[in-house]
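Everything on this sheet refers to the single structure shown next.
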Amino acid sequence: MAAKERIGSYSHIQRFVEIMDCTLRDGEQTSGVSFLPHEKLMIARMLLRDINVDRIEVASARISEGEQDAVKMICRYASQNDMLERVEVLGFVDGGKSVDWIADCGCRVVNLLAKGSERHCREQLKKTPSQHIADICDTVKYAETKGLSVNLYLEDWSNGMKDNPHYVYEMLEELTKTSIRRFMLPDTLGVLNPLQVIEFMRKMNKRFPNTHFDFHAHNDYDLAVSNSLAAVLSGCRGLHVTVNGLGERCGNAPLSSVQVILKDQFQAKTNIHEDKLNDISRLVAGYSGIAVAPNQPVIGENVFTQVAGVHADGDNKAGLYMNPLVPERFGRKREYALGKNSGKASISKNLEELGLDLTPEQTQKVTKRITELGDRKEIVTQDDLPFIVSDVLKHDVPNERVKLINYVVSTAYGLKPGANLKVEINGKEYEASATGDGQYDALVKALRYIYKKYLNRTFPILANYAVSIPPGGRTDALVQTVITWNNNGKIFRTRGLDADQTEAAIKATFKMLNIFEE
């Protein structure tokens, strides 16, 4: 009952929550993830400048020369843009070595790692609590002489509160007398549930009411977001997050999810620029090699795609299937999927966006054909619609203004892949050859050469290239290539299907060229 009362008492209070992003430190502990120094700089710049997080934790001290180069680059950028106080590095109680390393990088904030549970203190450090406290105090004083501000992590705080909270209180009684600015409380092993977070955070705030507490969640039980919100409802002033929920084991609390729930569900205030969340997600996914799940809230590929026809119908009539997470809020737009669950409303929405005006009878025929394709597990994109419409309405296949007459692609050891091709564009034939980073790249370069030299034109830029086995397929099934194109800011996709990956990509490319000509 006490926990419920606590939730209720905070649910209508607007309050500011400080956000620290740990992608470049904790997020890099994701298995298989290692950012290059320039990648760290690009992520840090976007987090500070575009996303506007309050703080970023960018590295652990004394890891490697590459890590030191990255921290120096980030600190140089931050210093030039009056953001240096927002850059932090994890340091250790190691006789001042970490402090020296961090200071040499030009950083001015150390996040000191201490033991938040007696078990860790005695069994890992082999020290008594009083000895550990003394070592921490010495490190804090040394950091002060170097001009560094200090925040303190209480590692394994969650188990500390579960097993022996008096140890935690003893630590805080002494360390709150120092110049430490923030006490950061990690659920290091991801073992807490929201009710426990509420209980423990209430106790911390009651005993140390003037202390700034951050909460650092891990997602082992899929409770990182819930626990973060429970911490805020219980008086926590700051939360730690990572882009796309990267982090060790099951990861950390995702920045995007924490932000929208804080704002929408609890009317809390942050400095986050929501319209850039999708951009930072894509940047980190690209550098990390860890893809975002299509159904990941806010940033997933499919989260603003309505599939059921009844939803499109309701949206058409009164926005009945829309919630506060409107895609425009995040720089995205709502889409209506085409497949076996599509109704006339979904088809109409897509036809409307393409400027295709069909009669109700024609729309019904197109809907039937798309449903048939969906039953065969074919992916139907909006850009397939003109072709489907022409086929269904018994017209000729849309004018193939751009035809591939023949081509040869080659690759050889020690040589760049090449392509020779002959195409027909609006009834006239052209030939060209080119080399590239791959066979498909060479072919596209040859095409661009033809368009530029003979037609004095360009065509859309390739924005994304995805290859997969069609849904339901086997390893020896057809290859599906979906290419995303950017035409002066307008994004569209085309698809090719073939047993050969290059041939599938070529089909998708020529579909794009014909759409472009139309």
Go through it in stages, so that I can follow the logic: the residues are Glu274 and Val260, the test is side chain to side chain contact (heavy atoms under 4.5 Å, CB included), and I'd like the CA-CA distance, side-chain angles, deciding distance and then a yes or no.
CA-CA 8 Å; Glu274 293 183 334; Val260 298; 4.2 Å; yes

Just so I know, are the side chains of [X] and [Y] near enough to count as touching, which here means a heavy-atom distance under 4.5 Å?
{"X": "Arg329", "Y": "Lys263", "result": "yes"}
{"X": "Arg86", "Y": "Leu48", "result": "yes"}
{"X": "Val444", "Y": "Leu462", "result": "no"}
{"X": "Val58", "Y": "Val89", "result": "yes"}
{"X": "Glu85", "Y": "Val109", "result": "yes"}
{"X": "Met204", "Y": "Val168", "result": "yes"}
{"X": "Leu172", "Y": "Phe213", "result": "yes"}
{"X": "Val87", "Y": "Met83", "result": "no"}

Taking [X] for the side chain and [Y] for the main chain, is one N or O donor matched with an acceptor at less than 3.5 Å?
{"X": "Asn252", "Y": "Ala224", "result": "no"}
{"X": "Glu517", "Y": "Asn514", "result": "no"}
{"X": "Thr23", "Y": "Val243", "result": "yes"}
{"X": "Asp54", "Y": "Ile19", "result": "yes"}
{"X": "Ser288", "Y": "Val284", "result": "yes"}

Look up atom [atom1] in [X] and atom [atom2] in [Y], then write down how far apart they are to the nearest 0.5 Å.
{"X": "Glu28", "Y": "Lys40", "atom1": "CD", "atom2": "NZ", "result": "4.0 Å"}
{"X": "Leu239", "Y": "Gln259", "atom1": "CG", "atom2": "CD", "result": "10.5 Å"}
{"X": "Gln29", "Y": "Thr242", "atom1": "CD", "atom2": "OG1", "result": "11.0 Å"}
{"X": "Asn227", "Y": "Met201", "atom1": "CG", "atom2": "CE", "result": "9.5 Å"}
{"X": "Met42", "Y": "Leu36", "atom1": "CE", "atom2": "CG", "result": "13.0 Å"}
{"X": "Ile280", "Y": "Ile51", "atom1": "CD1", "atom2": "CD1", "result": "5.5 Å"}

Residue pair [X] / [Y]: nearest heavy atoms and the distance that separates them:
{"X": "Val232", "Y": "Arg15", "value": "O-NH1, 3.3 Å"}
{"X": "Val71", "Y": "Cys105", "value": "CG1-CB, 3.5 Å"}
{"X": "Leu24", "Y": "Ala44", "value": "CD1-CB, 3.9 Å"}
{"X": "Val33", "Y": "Gly27", "value": "CG1-O, 4.4 Å"}
{"X": "Ile299", "Y": "Arg282", "value": "O-NH2, 2.6 Å"}
{"X": "Cys236", "Y": "Asn205", "value": "N-ND2, 4.1 Å"}

Check against side chain to side chain contact (heavy atoms under 4.5 Å, CB included), Leu283 and Met46
CA-CA 9 Å; Leu283 180 69; Met46 183 172 281; 4.1 Å; yes

Give every residue pair that meets the ring-ring contact (aromatic ring centres under 6.0 Å, His included) criterion with at least one member in residues 223-252, sequence neighbours excluded.
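Matches after skipping sequence neighbours: Tyr153-His240, His216-His240.
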
Which residue pairs satisfy the ring-ring contact (aromatic ring centres under 6.0 Å, His included) criterion with at least one member in residues 186-212, sequence neighbours excluded?
none

Sequence neighbours left out, what passes side chain to side chain contact (heavy atoms under 4.5 Å, CB included) with [X]? Give chain and number order.
{"X": "Ala291", "answer": "none"}
{"X": "Pro460", "answer": "Trp485, Asn487, Phe492, Met512, Phe516"}
{"X": "Asp69", "answer": "none"}

Test item: side-chain donor near acceptor, [X] and [Y], under 3.5 Å:
{"X": "Asn244", "Y": "Ser281", "value": "yes"}
{"X": "Glu248", "Y": "Thr30", "value": "no"}
{"X": "Asn52", "Y": "Asn271", "value": "no"}
{"X": "Asn111", "Y": "Glu57", "value": "yes"}

Give me each pair satisfying salt bridge (Lys or Arg N to Asp or Glu O under 4.0 Å) with a member in residues 205-216, each pair once, sequence neighbours excluded.
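Counting only pairs at least two positions apart or across chains, the salt bridge (Lys or Arg N to Asp or Glu O under 4.0 Å) contacts touching residues 205-216 are Arg55-Asp214.
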
Sequence-distant partners of Tyr77, ring pair (Phe, Tyr, Trp, His ring centres under 6.0 Å), two or more places apart
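Per chain and number, Tyr77 pairs via ring pair (Phe, Tyr, Trp, His ring centres under 6.0 Å) with no residue.
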
Which residues satisfy the ring pair (Phe, Tyr, Trp, His ring centres under 6.0 Å) test with Tyr465, sequence neighbours excluded?
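By the ring pair (Phe, Tyr, Trp, His ring centres under 6.0 Å) rule, Tyr465 matches Tyr440.
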
Of all residues at least two apart in sequence or in a different chain, which pass the side chain to side chain donor-acceptor pair (under 3.5 Å) check with [X]?
{"X": "Asp222", "result": "Asn219"}
{"X": "Ser257", "result": "none"}
{"X": "Ser60", "result": "none"}

Using side chain to side chain contact (heavy atoms under 4.5 Å, CB included), reason through Leu277 and Ile272 one step at a time and then give a plain yes or no.
CA-CA 9 Å; Leu277 289 174; Ile272 301 299; 4.1 Å; yes

List, one per line, each side-chain donor-acceptor pair under 3.5 Å for residues 180-197, sequence neighbours excluded.
from, atom 1, to, atom 2, distance (Å)
Arg181, NH1, Ser149, OG, 3.3
Arg182, NE, Glu18, OE1, 3.0
Arg182, NH1, Asn151, OD1, 3.3
Arg182, NH2, Glu18, OE2, 3.4
Asp187, OD1, Ser158, OG, 2.9
Asp187, OD1, Gly190, N, 3.4
Asp187, OD1, Val191, N, 3.0
Asp187, OD2, Val191, N, 3.2
Asp187, OD2, Leu192, N, 3.1
Thr188, OG1, Asp156, N, 2.8
Asn193, OD1, Leu195, N, 3.0
Asn193, OD1, Gln196, N, 2.9
Asn193, ND2, Gln196, OE1, 3.3
Gln196, OE1, Asn193, N, 3.0

Before you tell me yes or no, could you show the steps for Phe330 and Asp275 under side chain to side chain contact (heavy atoms under 4.5 Å, CB included), namely the whole-Å CA-CA distance, both residues' side-chain angles and the distance that decides it to 0.1 Å?
CA-CA 4 Å; Phe330 309 105; Asp275 60 334; over 6 Å; no

